[in-house]
Structure formats: C-alpha cells, structure tokens
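Below is one structure, written out as structure tokens; the observations come after it.
On a predicted model such as this, the values are computed, not experimentally measured, just so you know. We number each residue from 1, following the sequence as shown.
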Amino acid sequence: MSSLANGGRRKSNSESSSMDVEDEQIIDKIVRFNISDESDGGSIFNGVKRRTANPRITRTRRTKSLYGVMPNCKFGPCGSILDDSATSLTIPDPGSQKLNWHKPPLTVLVIKKMHDENALSAFTQLVKWLIQEKNMAVYVEKAVFDDAMCSENPVCRGLQKQIKTFEEEKDELTNKIDFVICLGGDGTLLYASSLFQASMPPVMAFNMGSLGFLTPFSFQDFKGQVTQVLEGNAGLLLRYRLKCVICRKDSQMSKIPHVKQIQRSHSTIQSKTHMLVFNEVVVDRGQSPYLCNIDLYVEGKLVTTVQGDGLIISTPTGSTAYAVAAGASMVHPNVPAIVITPICPHSLSFRPVVVPAGVEIKIMVSPEARNSAWVSLDGRNRQEIFEGDSVRITTAQYPVPSVCAKDQMDDWFESLAECLHWNVRKPQKPMPTLIDSPSTNSLTGNSDSSS
C-alpha cells in the first residue's frame with residue numbers, strides 16, 4: 001500500500017531539507033502530466049503540494065490525501081499507528097483526480113483496432129486532424145500499415161509519410177509518448193497497456209468494439225472531446241495494474257524474498273516473465289483432464305490449496321471481466337484491492353475473496369499435483385509452470401490513467417447498465433387502487449359504523 005498511497009513513511013524535521021531535493025528530481029522525471037488537487041489549484045507530486053499560481057515554486061506538506069480522506073490514525077486516548085510506519089491509510093476519493101498537463105502534450109500514440117473498416121475511417125480522420133490542426137507528432141504501430149485494408153486506402157497511404165511508426169517488443173515508448181488514444185474495444189485498451197511496462201501516459205478510449213465496457217467515448221464529436229482533454233479539462237481514473245513475475249525453479253529471481261524487489265533488469269523483455277497486467281493473471285489446468293492442484297500463498301503464508309479448473313487473480317478493473325463470469329463481485333476500479341477468484345472449484349464453500357492492494361500473492365504447483373499448470377497474462381503470453389516454479393503477484397506502482405467521459409462513478413455505472421445489463425428486469429406493477437367496499441373494509445380492519 002505504500003506505493004499506492006503516495007505518502008510513504010512520514011519524514012521528520014531533520015529530513016525536510018533532503019526531501020525538497022528529492023522532490024525536485026522526481027518532478028524533473030515526470031514527463032508531461034500529473035494529477036491536480038482542486039482544493040487550491042495546485043499540483044501534487046509524491047506527497048508534496050506545488051502551487052502553480054505562484055511563479056516561484058513553493059512546496060508544503062499535503063493536507064488532503066491524493067486518494068481521498070486521510071483517516072484519523074489516533075485510536076482513543078492511548079492507541080495510534082507508529083509515526084514511522086510505512087503504511088499510509090487513505091480512503092479513495094473519486095472526485096480528487098483531475099488531469100493537469102504541466103507541459104503541452106506534443107506526441108500522441110494512436111492504437112487502432114485491426115481489420116475493421118469503421119476503425120480505419122475514424123483512424124484517418126483523427127490522425128489527419130491531429131497532424132494538421134493540433135501540430136502533434138503521431139505514433140502508430142507499423143502493423144497498421146502492413147494491413148491490406150490500410151495499404152489499399154489512398155488516404156491512409158498519404159498519411160503514412162507524416163506518421164512515426166514503431167514495432168512491438170522492439171521499440172521502447174515510455175519516454176516518447178505524452179498521450180494515448182485508442183480506437184476499438186476493450187482489447188485495444190488492454191493492448192495499449194501492454195506497450196507501457198512502466199509509467200503510462202493518459203489514455204483516451206473511443207468505443208468501436210463489441211462491448212466497450214472500458215471505452216466510454218463516442219467518436220461522433222471526437223474533435224471537441226480530444227480538445228477538452230488536451231486543454232486539461234478532464235477527470236482521470238487510475239486503474240490499478242498487477243505486477244506479475246514468473247520465477248522458475250532455482251532461478252535468480254526465485255531467491256529474491258519479495259516480488260516488490262524484483263526489477264525488470266532481472267528478466268528479459270522477450271521472456272515475458274515480468275509483466276504489468278491490466279485485467280488478470282489466470283492459472284489453469286490447460287488441456288489436462290485432471291484437476292488443477294495449486295497452492296495459494298498470501299504474504300508468504302499458505303492460505304489454501306486450489307483444486308478445480310484454476311484461479312483468477314484480477315485487478316478491480318478485471319473484476320468485471322473473466323472474474324465476474326466465474327462468480328466474483330464487481331469492484332469499482334478506484335478501490336485499491338486484488339480479487340482472488342477460483343475457477344469451477346471442487347468445493348461448495350470456496351468463494352471469491354478480496355484482499356488489500358499491495359499484498360504479495362504467490363501461486364505454486366502443489367507437490368501432490370498430477371499435472372502441471374498454465375499461466376496467462378491478460379489472455380496473452382501463455383506459459384507452462386511446473387512443480388518448484390512460482391507465480392508472484394502484487395499491485396504495480398504504475399496504474400493506467402484512463403480519461404473519464406463524465407466522471408468515475410457515472411462512467412462505471414453506465415457501463416454496468418449498458419454493457420452488462422446490470423439489474424435489468426421487468427418493473428413490479430404498483431398496488432392497484434382498492435375500491436371502497438365492505439369487503440375491502442373488512443380486509444383492512446375498518447368497519448362501517450352505520451351498518
């Protein structure tokens with residue numbers, strides 16, 4: 001939780017001078033956006049308030065938590081949380097997260113749904129407008145122009161010379177992109193998340209897919225909507241991601257005590273053993289006819305052995321994906337949590353559970369298992385794990401900053417109603433008006449005195 005609360009350990013007065021130097025370095029490393037605190041028009045950086053109205057930058061301790069109300073940490077006359085505790089308790093506040101560009105965004109990455117005519121038409125309109133009207137440098141994946149549908153389109157071919165291209169797994173985009181626009185469905189947003197295995201720029205998702213649960217924007221008024229975002233008039237929803245590391249038996253990573261200490265330098269990009277996951281990590285039995293027999297550890301303690309088709313470890317965003325189909329509760333994306341959901345467990349009492357964000361989860365093939373297991377990350381990078389291997393999971397420190405169409409609450413509940421038809425049923429008819437008669441009076445306990 002310390003990485004999510006942005007507060008960390010409380011610093012003493014002797015550390016205040018070094019804190020300013022560290023904060024200055026952190027501010028310099030942030031590319032082009034931050035989350036603003038609407039209380040005074042300032043900006044929040046790593047627990048320090050920066051007032052942008054004053055030409056001279058001043059910093060004071062934040063009085064309002066970035067994620068909402070800071071609970072009282074004194075309990076009665078004697079109890080309290082240790083001052084040097086690494087845990088900062090917060091209650092998420094959906095209204096406090098607003099986008100604020102501290103530099104004008106200059107580069108934009110456009111992710112398009114492949115093999116779709118409607119997405120291609122929107123793609124050409126959007127890219128042409130971004131280049132000619134907004135003077136932005138546009139990045140597009142090279143595979144888009146390799147698609148026959150795009151290569152046969154004269155407008156698309158004309159734009160190709162004005163666009164910078166990249167290739168997945170070959171080009172690093174983290175420090176090149178200021179803003180991301182997705183044209184497609186939920187899978188397009190998941191793919192965009194996979195391209196940024198560290199800090200991700202704000203992402204705006206237009207619905208051109210089948211479901212569109214995560215894509216709240218309509219393309220009809222794209223010019224006005226994108227302009228509003230570029231001007232900083234937009235709310236953000238920080239969608240938590242999971243840090244997933246697959247440790248092979250007797251490997252160097254398996255000897256590191258905590259998954260938070262494992263860096264990407266310990267694994268290669270090509271091996272796909274260290275990934276940030278947007279929706280869920282799934283461990284299942286694959287093609288084996290036997291039950292999946294895996295041990296589940298939370299904070300280093302064995303809590304249960306899963307016997308069934310598998311296990312889903314999902315983010316709050318992923319709770320409305322595979323997890324909800326397996327019986328999990330739907331959790332708002334702003335709730336700092338991890339959802340653990342069994343897949344067809346061979347037990348009537350094995351219910352899904354929700355644990356705090358930041359805990360370390362470890363999954364291993366049980367020594368009594370009759371077969372191996374398979375791991376998939378957001379439905380991709382499927383790998384087989386054997387006895388002695390482990391899948392280690394915790395909340396990542398790099399969320400996906402999704403731009404809201406309205407706000408965090410309206411967008412989510414509208415998606416529940418429109419995409420999942422949440423609580424849709426025929427309304428109950430009202431009670432018919434009772435006619436005043438002796439029979440009805442006797443039913444209601446009233447009698448006519450004249451009779």
Qualifying disulfide (SG to SG under 2.5 Å) pairs with a residue from residues 129-160, counting only residues at least two apart or across chains
Cys150-Cys156

Residue pairs passing the disulfide (SG to SG under 2.5 Å) test where at least one lies in residues 103-136, sequence neighbours excluded:
none

With Tyr191, which of Lys113, Arg380, Glu168 fulfils side chain to side chain donor-acceptor pair (under 3.5 Å)?
Glu168

Less than 4.5 Å apart, side chain to side chain, heavy atoms only: is that true for Pro345 and Gln307?
no

dist Asp389:CG -> Ile363:CD1 (nearest 0.5 Å) comes out at 12.5 Å

Tell me which donor-acceptor pairs under 3.5 Å the side chains of residues 415-429 have, and how far apart each pair is, sequence neighbours excluded?
residue	atom	partner	partner atom	Å
Ser415	OG	Phe213	O	3.0
Ser415	OG	Asp411	O	3.0

Mind running side-chain contact (heavy atoms from CB on, under 4.5 Å) on Gln225 and Val229 for me, showing each step along the way?
CA-CA 7 Å; Gln225 292 173 330; Val229 176; 5.9 Å; no

Mind checking whether Gln125 and Ser121 have side chains closer than 4.5 Å, heavy atoms only?
yes

By salt bridge (charged side-chain N to carboxylate O under 4.0 Å, His left out), which residues pair with Arg241, not counting sequence neighbours?
none

Does some side-chain heavy atom of Lys260 sit less than 4.5 Å from a side-chain heavy atom of Gln397?
no

Please report the closest heavy-atom contact between Met200 and Pro399, naming both atoms and the distance.
CB-O, 4.2 Å

Of all heavy-atom pairs linking Pro352 and Ala328, the shortest is CG-CA, 3.9 Å

Does any part of the side chain of Leu242, heavy atoms only, come nearer than 4.5 Å to the side chain of Met275, both counted from C-beta?
no

So OG1 of Thr320 and NE2 of His332: to nearest 0.5 Å the spacing works out to 10.5 Å

Say you draw a straight line from OG1 of Thr305 to CD of Glu368; how long is it, rounded to the nearest 0.5 Å?
7.5 Å

Quick one: ring pair (Phe, Tyr, Trp, His ring centres under 6.0 Å) partners of Phe196, sequence neighbours excluded?
none

Can you name the nearest heavy-atom pair linking Val324 to Ala321, along with the distance?
CG1-O, 3.2 Å

Please find the pair of heavy atoms, one from Gly184 and one from Thr215, that lie closest to each other, and give the distance.
O-CG2, 3.9 Å

Note, Ile181 side chain near Leu130 side chain (heavy atom, < 4.5 Å)
yes

Excluding sequence neighbours, so at least two apart, what forms ring pair (Phe, Tyr, Trp, His ring centres under 6.0 Å) with Phe350?
none

Under the side-chain contact (heavy atoms from CB on, under 4.5 Å) criterion, do Ser218 and Asn207 qualify, and how do the steps go?
CA-CA 6 Å; Ser218 173; Asn207 182 20; over 6 Å; no

Working for side-chain contact (heavy atoms from CB on, under 4.5 Å), residues Leu126 and Phe219
CA-CA 9 Å; Leu126 175 65; Phe219 193 75; 4.2 Å; yes

Do Tyr139 and Phe166 have ring centroids that are under 6.0 Å from one another?
no

Nearest-0.5 Å distance, CE of residue Met208 to CG of residue Leu120:
10.5 Å

Applying salt bridge (Lys or Arg N to Asp or Glu O under 4.0 Å), which residue pairs with at least one partner in residues 180-195 are found, sequence neighbours left out?
none

What distance do Leu106 atom CG and Asn135 atom CG have between them, rounded to the nearest 0.5 Å?
10.0 Å

Name the atoms and distances for all side-chain donor-acceptor pairs under 3.5 Å in residues 308-318, with sequence neighbours left out.
residue	atom	partner	partner atom	Å
Asp309	OD1	Arg285	NE	2.8
Thr315	OG1	Phe278	O	2.8
Thr315	OG1	Asn279	O	3.2
Thr315	OG1	Thr317	N	3.4
Thr315	OG1	Gly318	N	3.0
Thr317	OG1	Arg239	NH1	3.2

Between Ile163 and Leu159, which heavy-atom pair has the shortest distance, and what is it?
CG1-O, 3.2 Å

With heavy-atom distances below 4.5 Å as the criterion, would you say the side chains of Asn381 and Ser376 are in contact?
no

Can you tell me how the ring of Phe217 sits relative to the ring of Phe206, calling it parallel under 30°, perpendicular over 60° and tilted otherwise?
tilted

Does Arg370 have more than 12 heavy atoms from other residues, nucleotides or ligands lying within 6.0 Å of its CZ?
no

Using the test side-chain hydrogen bond (donor to acceptor under 3.5 Å, both in side chains), find all partners of Asp284 that sit at least two apart in sequence or belong to another chain.
Arg382

With side chains defined as the heavy atoms from C-beta onward, is the minimum distance between Ile340 and Leu296 less than 4.5 Å?
yes

Charged N to carboxylate O under 4.0 angstrom, Lys406 versus Glu414?
yes

Can you run down the ring pair (Phe, Tyr, Trp, His ring centres under 6.0 Å) pairs that involve residues 288-323, sequence neighbours left out, and say none if there aren't any?
none

So, for Ile177 and Thr107, which heavy atoms are closest and what is the spacing to 0.1 Å?
CA-OG1, 3.4 Å

Short question: side chain of Ser319, backbone of Val331 - any donor-acceptor pair under 3.5 Å?
yes

Could you walk me through whether Glu360 and Arg392 pass salt bridge (Lys or Arg N to Asp or Glu O under 4.0 Å), step by step?
CA-CA 7 Å; Glu360 181 171 339; Arg392 305 169 68 177; 3.3 Å; yes

Does the pair Lys243 and Leu276 meet the rule for a side-chain contact (heavy atoms from CB on, under 4.5 Å), with working shown?
CA-CA 5 Å; Lys243 177 181 180 180; Leu276 298 189; 4.0 Å; yes

Check whether any side-chain heavy atom of Ile361 sits under 4.5 Å from a side-chain heavy atom of Ile338, and report yes or no.
yes

Would you list the pairs meeting salt bridge (Lys or Arg N to Asp or Glu O under 4.0 Å) in which at least one residue belongs to residues 134-147, sequence neighbours left out?
Lys142-Asp146

With distance as the sole test, does Thr394 use its side chain to make a donor-acceptor pair with the main-chain N or O of Gly358 at under 3.5 Å?
yes

Please name all residues satisfying ring pair (Phe, Tyr, Trp, His ring centres under 6.0 Å) with Phe179, sequence neighbours left out, ordered by chain then number.
Trp101

Rounded to the nearest 0.5 Å, what separation is found between the NE2 atom of His274 and the CG atom of Leu377?
11.0 Å

